[in-house]
Every structure is written in structure tokens, then in C-alpha cells.
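Read through the structure below, which is laid out as C-alpha cells, and then see the notes.
As the structure lists them, so they are numbered: ligands from 1, and atoms in each ligand from 1.
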Amino acid sequence: MQIHYFADDAKLASRLANLTSCRAFPMEIKHFPDGESLVTTHSPVRDDVAIIHSLDRPDQKLIHLTLAADALRRAGAAAVTLVAPYLAYMRQDALFKAGQPISQRAIGRLLGSLFDRVLTVEAHLHRVKSLNEVVPSRLESRSLSAAPMIADWLRKKAANSLLLGPDQESSRWIEEIGARSGMKNTVGIKHRLSDRKVRVKIESVHGLTRAVIVDDIASSGATLAETAHALRNKGIRDLSAVIIHPIFAVGALSRIRRAGVETIVSCDTVAHPTNRIRVAPLLAAALSDQP
Ligand code: R5P
């Protein structure tokens with residue numbers, strides 16, 4: 001197996017290469033004057049390869065991946081695994097309004113047609129049991145749980161805090177992290193009013209004054225900020241957040257900080273200054289598992 005990567009993912013690619021004892025090779029992206037991209041591999045390509053590309057800024061990156069899959073196969077790859085630590089387009093997972101697509105299914109089908117399997121971390125899958133139902137790939141595609149590494153981090157840094165998920169959808173990882181870390185845990189009730197507006201209600205903070213909010217994605221920051229306000233109103237004084245995918249749209253971080261979240265920590269599925277929890281060991285183990 002060998003690993004191919006674009007410049008953005010160089011750090012993670014090198015960690016993965018070390019952990020799997022594979023070699024990692026950069027791929028080049030050139031932009032034509034009309035805005036089209038040209039992707040090139042300059043390395044000898046083996047039979048069995050992985051390409052690592054996290055799908056923040058997805059619209060551009062999906063084109064690069066489409067071209068990369070074709071380039072790798074033409075250069076000799078028979079099996080191509082996509083390692084996308086963050087998989088975009090998973091939240092639009094139902095027909096919310098007539099005339100819209102089910103983006104999760106459309107993008108899943110595209111990836112399944114390009115790659116032999118897809119490995120990711122905590123894909124936003126709430127209406128299906130496995131990534132394979134969304135990405136119909138030849139080999140088994142998997143969404144890996146970040147709960148064990150988050151629980152480890154919290155045990156060391158935030159014992160005696162309430163562990164809180166903003167909504168029912170977060171209960172899957174909140175319950176697992178709670179069981180592993182021994183922290184008291186609960187989830188809030190969230191209503192989304194618009195792209196940047198949500199309402200969050202918290203029933204009880206179990207008599208604690210410290211809390212850690214854990215969520216899979218922070219995008220506009222609305223969910224974290226409103227959860228923070230609700231917790232403060234319930235008497236929480238010391239507030240942190242752990243985010244699996246730190247997407248953070250413009251203005252999101254300052255909105256979350258203004259709401260009183262003092263410490264913000266993330267997994268390195270997307271490169272960001274808040275990265276503290278490394279996902280390479282998780283991905284390396286899955287990559288080494290022969291499907
Ligand atoms: C939603 O279901 C997710 O789990 C996150 O809570 C959501 O994507 C966060 O988005 P935002 O930061 O825009 O509120």
C-alpha cells in the first residue's frame with residue numbers, strides 16, 4: 001500500500017505513513033487560467049493505494065478527488081481507498097424540501113463510483129447504520145468512532161465536568177464518551193431556525209458548575225454558542241468544547257468565545273489551530289485492516 005496526498009493534507013499523510021510503514025507521495029495541483037484544475041502524480045503508482053483528502057471546502061476538493069482517482073488508476077492503481085477524515089455533504093440526509101436533492105446520497109454515490117472504499121471519522125450519519133449504505137463502494141466503507149480518543153483526552157483534562165451534547169443526534173457519541181470517561185452526561189434539545197440560528201434548551205446540569213460540550217461539527221458556531229448560553233443560564237461557570245470536525249465558518253470562533261466557551265479543542269480531521277486530538281492512529285488501524 002502507498003499513500004498519496006495534496007499539500008493541505010501533508011501533516012496527516014506523513015503521520016499515517018509513519019504509523020502504517022507506507023511511503024507517502026505528494027500529488028500536484030495546477031490551476032489553468034479559466035479556473036479548471038489539473039492533478040498530476042509524479043510517483044510510481046502501486047496496485048493498492050490510498051489518497052488522503054479531508055473534505056472541508058468540499059466543492060473544489062471533490063473535483064480534485066475525481067481527477068486524482070482517474071490519474072491514480074491510469075498510472076496503475078487497481079484499488080484506491082479514499083481516506084477523508086472529514087466527509088462533507090452528510091448533513092443533507094433527507095428530502096427536507098421539494099425540489100432539493102438528498103445531497104448525502106448524491107455525493108455518496110459519486111464517491112462510491114470513484115473509490116474502492118472510503119474511510120472517514122464520525123460521518124454525520126443519523127438515519128442510516130453504516131457508511132456503506134450511503135457510499136456504495138466495492139469494498140466496505142467505514143465511519144470510525146472518535147469517542148475513545150475524546151474520552152481519553154477528557155479523562156486527563158476535564159474530569160468532574162458535565163459532558164453535554166447539544167441535541168438528540170449527539171447522544172450516540174455522548175453516551176459512549178460518558179461510559180468510557182465516567183463523566184455525568186446529558187443532551188440538550190435543539191431547534192434549528194435557519195443556517196446561523198438555533199435554539200437550545202438544557203433540562204439539568206446535575207448540580208455541576210463545569211461543563212464540556214462535545215459536538216461533531218462546528219460550522220456557523222450557532223449550536224455551540226447557544227448551548228453555551230443555555231449552560232451559563234443553568235449556573236455553569238467553567239465551559240469548554242471539543243469538536244470532532246473544526247469547520248468554523250468566518251466569525252464562528254469569536255461567536256463561540258463571546259458566548260463564554262473558554263477552551264476550544266478539536267480533532268485534527270481538518271487542520272486548525274484548535275487541533276489537539278490526533279486521528280492518525282484511528283485511520284492507520286482501519287487502513288491496515290484488509291477489507
Ligand atoms: C448538526 O446536526 C451537527 O451535529 C452540528 O450541531 C451542526 O452542524 C453545527 O452547525 P453550526 O455550527 O452551524 O450550528
Asp93 side chain to Leu125 main-chain N or O, any donor-acceptor pair under 3.5 Å?
no

If we ignore hydrogens and angles and just use 3.5 Å, is the side chain of Asp48 paired with the main-chain N or O of Met1 as donor and acceptor?
no

Which one of Ile244, Ile247, Thr120, Val121 satisfies the side chain to side chain contact (heavy atoms under 4.5 Å, CB included) criterion with Tyr86?
Ile247

Test item: Phe248 and Ile256 side chains (from C-beta on) under 4.5 Å apart, heavy atoms:
yes

Can you name the atoms of ligand 1, numbered from 1 with element, that are less than 4.0 Å from a heavy atom of [X]?
{"X": "His124", "answer": "1 (C), 2 (O), 3 (C), 4 (O)"}
{"X": "Asp216", "answer": "3 (C), 4 (O), 5 (C)"}
{"X": "Glu169", "answer": "2 (O)"}
{"X": "Ala218", "answer": "12 (O)"}

From Arg255 atom CZ to Leu253 atom CG, the distance as rounded to the nearest 0.5 Å
12.5 Å

Just do the side-chain hydrogen bond (donor to acceptor under 3.5 Å, both in side chains) check on Thr81 and Arg117 with the steps written out, would you?
CA-CA 5 Å; Thr81 296; Arg117 63 174 171 154; 3.0 Å; yes

Is Trp173 close to ligand 1, meaning an N/O of one under 3.5 Å from an N/O of the other?
no

Give yes or no for whether the N/O distance cutoff of 3.5 Å, strictly under, is met between Gly221 and ligand 1.
yes

Compare Ile217, Thr227, Ile244 and give the one whose heavy atom is closest to atom 9 (C) of ligand 1.
Ile217

So which heavy atom in the protein is nearest [atom], and how far is it from that ligand atom?
{"atom": "atom 14 (O) of ligand 1", "result": "Thr223 OG1, 2.5 Å"}
{"atom": "atom 10 (O) of ligand 1", "result": "Arg192 NH2, 3.4 Å"}
{"atom": "atom 5 (C) of ligand 1", "result": "Asp215 OD2, 3.3 Å"}
{"atom": "atom 13 (O) of ligand 1", "result": "Ser220 OG, 2.6 Å"}

Report yes or no: does a heavy atom of Pro166 sit under 4.0 Å from some atom of ligand 1?
no

May I ask whether Lys190 has any heavy atom positioned less than 4.0 angstrom from an atom of ligand 1?
yes

Tell me, with the steps shown, if Glu176 and Arg172 meet salt bridge (Lys or Arg N to Asp or Glu O under 4.0 Å).
CA-CA 7 Å; Glu176 190 182 344; Arg172 198 167 42 90; over 6 Å; no

With heavy atoms only and a cut-off of under 4.0 Å, state how Arg91 meets ligand 1: side chain, backbone, both or neither.
side chain

Please determine, by modelled atom types, if His64 and Ser37 share a side-chain donor-acceptor pair under 3.5 angstrom.
yes

Do His245 and Glu122 pass the side-chain hydrogen bond (donor to acceptor under 3.5 Å, both in side chains) test, and can you show the C-alpha distance, the side-chain angles, and the key distance before you say yes or no?
CA-CA 9 Å; His245 304 297; Glu122 296 289 2; over 6 Å; no

